[in-house]
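Lettering of chains follows the sequences in order, A, B, ..., and the numbering in each one begins at 1.
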Amino acid sequence: MDESSASHRLARTGRNPTAPTAPPRASVVIGFGSPADDSGITRLDLNDILIRNGQATFLMRIVGSAMRDAGIDADDIAVVDRSITPAHGQVVIAVVDRDFVCRRLHMQGGELRLCACDATVADIVPQEETELEIWGVVTTAIKSLVV
Amino acid sequence: MLALVDVNNMYVSCERVFKPRLAGRPVVVLSNNDGACIARSNEAKDLGITMAQPWFQVRHLQRSAGLIALSANFELYGDMSGRMMTLAAEYAPRQEIYSIDECFLDFDGVRGDLVEIGRDLRATVLRCTGLPTSVGLAPTKTLAKLANHVAKTAERKPGSYPSGLAQVCHLGRMSRHALDEVMRATPVGDVWGIGRQMSARLNEGGVHTVFDLLSADVATLRRQFSVVLEKTLLELRGTPCLEVDDAPAPNQQILCSRSFGEPVTELPALCEMISQFASRVAEKLRHQHSLAASVQVFISTSPYRRHDRQYSPRATTPLIRPSADTRVLIAAALRALAAIYRPGFNYVKAGVLLVDLRQPGSTQGELGLFAEEAEVEPEPVRPSLMSAVDALNQRFGRNAVAVASAVRQARTARHDSKRERMSPRYTTRLDELPRARA
């Protein structure tokens, strides 16, 4: 793999194989229990924070920049929850003519549009013959900032 | 009251969730060597493609009918199955996961309209996972299976059953007359537990539909058929004979077999594969905390290669001391292979099967008696070594650690199944996520 594609991959996965890793876990006997053991406190878990309904949640890779003004860029990971009822103003994954498309849902006064968040990209206004389905609601965009 | 919840055309439905282009088109999923159709969309069924039909017999439909074929992607199906099962489990106090795409629910103690509950379950699974299901409700497992069959068929073939029974069918809540109509419309071979042979024999005796079976004389049936049919009959009449089992017994046999991408004739290549299969069954064996008392190996040529000489032997090596140690099982498997291998044949399939499974502690104290001639462990089993191997493979992927004779095959994957048409593992691999255009 050449260097540019390697760094590209790093940016996407946010993982750096050359970075120092945590020391291997060893079993250590400690005389006193950790004071945190019995307090019922658990460390924050990103799964709990980012995922409301695990069985209905899927990850998707964003391709393209039409959502950049919503803070969603190419290569970001969208956390998509299928159990949420789509509503006006939400960012959704729609199936438009059998392709996954990420857009902001405009649904007011009986009008339905899929709005790009980039002034140079036209909205998708479904026509009679357009096959359209809202596949899921994007709850979070995960963006790796590691360079 | 019980329910059988079952995903319609499971493997195809999983593919369609992530490939909207497949909607409405004939689609089949092929077995792991791309040899046979193991799942069919309704459109593919309408083309006359039958279950397990060899791919080469229907390949021409790609061009003539737009048929799409995909290689089985069990990682995807397994994850989607887990989602569906978890959602379904929330609807009843007890669940028995019966296969990758179906589970029994026991609604004992649940109040409310079960048809409504079934519809809600179906809608929730569809919304959350994209998978369409059918729900069959009835007082016994066999009837719940039948109800599920009715729910599915009523949806797929309008006119086969009353349309109100589509998707969710409750046989326990029908009038006598309506129930008789359903039983008259159902061939006896569609009943769970009645195989093709028994169905043919029943047909000869004038029993064609479930209604005929229910009207038949029990004493006569008992004389002509096994006690199994009697149980089936009792279940069809509403008397439960099969329990919902939420803690299934350990598997009584463990198999790992595979068809090869291309024929294999040489012994070393077969040794590698058999070693790898033996490693896999050993892992499964340890997973269910059992020991094996014998190891069976089979190799097979292809009946479809009509100009080849055919040879499909199998052999079993007994173990004096039951074991779950990978090294012991590989040694036994290779001894069996050496006994049956003949050069000059084009082998296309091989496998390792463990049938004589024991629980630890139940073994007899005949240690060492036949030490010279038997596959006794060189030293006591080392459970800690084997669990370490399992843990490493779990963490770093299969074959991260392997016994040396299984290595070459594992690393080069020369004979790995074809799987030319496999879709990405959308839900289990970060670099294979579905893509959304923005």
I need the A:Gln55 CD to B:Met85 CE distance, nearest 0.5 Å.
12.0 Å

So A:Asp99 and B:Arg21, side-chain contact (heavy atoms from CB on, under 4.5 Å) or not? Walk me through it.
CA-CA 7 Å; A:Asp99 248 342; B:Arg21 285 171 187 284; 3.4 Å; yes

Backbone N or O of [Y] within a donor-acceptor pair of the [X] side chain at under 3.5 Å?
X        : Y        : answer
A:Trp135 : B:Val17  : yes
A:Arg98  : B:Lys19  : no
A:Arg82  : B:Arg127 : yes

Chain B heavy atoms under 4.5 Å from [X]: which part of the residue, side chain, backbone, both or neither?
X        : answer
A:Val101 : both
A:Ser83  : both
A:Ile93  : side chain
A:Asn53  : side chain

Heavy atoms of other groups near [X] [atom1], more than 12 under 6.0 Å:
X        : atom1 : answer
A:His88  : NE2   : yes
A:Glu129 : CD    : yes
B:Asp108 : CG    : no

In terms of heavy-atom pairs under 4.5 Å, which option from A:Ala56, A:Ala70, A:Gly54 contacts chain B the most?
A:Ala56

Which one wins on heavy-atom pair count under 4.5 Å against chain B: A:Val96, A:Thr57, A:Ile84?
A:Thr57

Considering only NZ, NE, NH1 and NH2 on the basic side and carboxylate oxygens on the acidic side, decide whether A:Arg61 and B:Asp431 come within less than 4.0 Å.
no

B:Arg83 side chain reached by A:Phe58 side chain, heavy atoms, under 4.5 Å
yes

Taking the side chain as every heavy atom from C-beta outward, state whether A:Leu59 and B:Thr427 have any atom pair closer than 4.5 Å.
no

Specify which of B:Ala436, B:Ala23, B:Pro434 makes the most heavy-atom pairs with chain A at under 4.5 Å.
B:Ala436

Region of B:Met80 in contact with chain A, defined by heavy-atom distances below 4.5 Å:
side chain

Residue part contacting chain A, namely of B:Leu131, when any heavy atom lies under 4.5 Å
neither

